[in-house]
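A short worksheet on the structure shown next.
As the structure is a prediction and not an experimental result, all values here were calculated from the model. Just the heavy atoms: all of them, side chains too, but no hydrogens, waters or symmetry mates, feed the values below.
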Amino acid sequence: MAALWGWLRNIVLLLLLILGVELLLPRSTFRQYLRLVAGMILVLAVLEPVLAWLTAGGPAPAVSRAGSAAARTASALAGGALPGNLAHEVQLARDRQVQEAFRQRVAAAVRDLLLSSGTVSAVRVEVLLEGLEITGVRARVRSRSGSLAPGEGERLGDMVARYLGIPRDRVSVGEG
């Protein structure tokens, strides 16, 4: 919308300039040539967006300026051509999203595994990550019988460690 207003403003300014020059010239045959040239310039100014679209094979630059910042950012994200600091921030944001999605998927898998054991009725899981490496899993379970049987927490911890393929000392399963 801003591009349209800018284009209209340019047309109005051009018209005012043409009228001002015409008023300053004396009445003569030279005035008709001025009107011809000014009219051609005005027609080109009005048709500028259409001509730009036809020559570029896409939207006219005057029209596309309104969303140019968003378009540049989107194309830069797609092509990876962002300035150094911004590219780094975008990469960090992507890494955090991937890490959070991974954390949630591992937590859901551990929750499902513990619920399928038959002895657990509720589970709360916390997954600790360093990058995409699992550094720890803490699970708090509620037993169907009210309390875990002796050794049941260890058995469930072993099951989770084997399932995730991590050392047993990184897994903690307790009541809570």
Side-chain angles (χ1 to χ4, degrees), residues 1-10 47-176:
M1 194 65 172
L4 178 64
W5 285 115
W7 176 71
L8 286 173
R9 185 196 64 204
N10 289 342
L47 293 177
E48 178 192 15
V50 176
L51 293 174
W53 182 72
L54 289 174
T55 57
V63 175
S64 66
R65 271 189 225 125
S68 63
R72 278 195 311 271
T73 303
S75 67
L77 285 173
L82 289 173
N85 196 23
L86 183 57
H88 181 69
E89 289 177 27
V90 168
Q91 186 61 43
L92 287 176
R94 284 183 190 165
D95 291 347
R96 283 191 296 269
Q97 287 176 338
V98 168
Q99 188 177 26
E100 186 56 32
F102 181 66
R103 179 190 325 274
Q104 290 174 1
R105 301 228 23 209
V106 170
V110 169
R111 190 176 305 109
D112 292 344
L113 177 71
L114 291 173
L115 288 172
S116 70
S117 71
T119 60
V120 176
S121 63
V123 181
R124 192 175 61 226
V125 178
E126 179 185 0
V127 178
L128 306 172
L129 299 175
E130 190 169 305
L132 292 179
E133 181 183 346
I134 301 171
T135 58
V137 175
R138 295 184 194 136
R140 297 292 165 241
V141 298
R142 186 175 306 138
S143 175
R144 290 183 190 274
S145 62
S147 66
L148 289 176
E152 187 65 21
E154 289 298 316
R155 184 184 75 78
L156 293 172
D158 290 340
M159 186 171 68
V160 169
R162 273 193 316 274
Y163 178 76
L164 296 175
I166 61 174
R168 173 62 180 95
D169 62 338
R170 292 186 184 179
V171 179
S172 165
V173 177
E175 286 186 275

Quick one: closest heavy-atom pair of [X] and [Y], and the distance?
X: A139; Y: L114; value: CB-CD1, 3.7 Å
X: F102; Y: L132; value: CE2-O, 3.5 Å
X: Q99; Y: G131; value: NE2-O, 3.0 Å
X: L115; Y: R144; value: O-NH2, 4.2 Å

**Report entry** Separation between CD of Q97 and CZ of R94, rounded to the nearest 0.5 Å
**Finding:**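 Here the rounded value is 9.0 Å.
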
Query raised in the report: Just how far is it from atom CG of L129 to atom CZ of R103, taken to the nearest 0.5 Å?
Result: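 The CG atom of L129 sits 4.5 Å away from the CZ atom of R103.
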
Requested in this report: Could you name each residue pair satisfying side-chain hydrogen bond (donor to acceptor under 3.5 Å, both in side chains) that touches residues 104-116, not counting sequence neighbours?
Outcome: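 Found E100-Q104.
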
Query raised in the report: Any side-chain donor paired with an acceptor under 3.5 Å for S143 and E152?
Result: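 No - no donor-acceptor pair under 3.5 Å links their side chains.
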
Report task. Would you please name every residue forming a salt bridge (Lys or Arg N to Asp or Glu O under 4.0 Å) with R138, sequence neighbours left out? Result ->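 E126.
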
Which donor-acceptor pairs under 3.5 Å do side chains of residues 165-176 form with protein atoms, sequence neighbours excluded?
{"from": "R168", "atom 1": "NE", "to": "D158", "atom 2": "OD1", "distance (Å)": "2.7"}
{"from": "R168", "atom 1": "NH1", "to": "V171", "atom 2": "O", "distance (Å)": "2.6"}
{"from": "R168", "atom 1": "NH2", "to": "E154", "atom 2": "OE1", "distance (Å)": "3.1"}
{"from": "R170", "atom 1": "NH1", "to": "E133", "atom 2": "OE2", "distance (Å)": "3.4"}
{"from": "R170", "atom 1": "NH1", "to": "I134", "atom 2": "O", "distance (Å)": "2.8"}
{"from": "E175", "atom 1": "OE2", "to": "L148", "atom 2": "N", "distance (Å)": "3.2"}

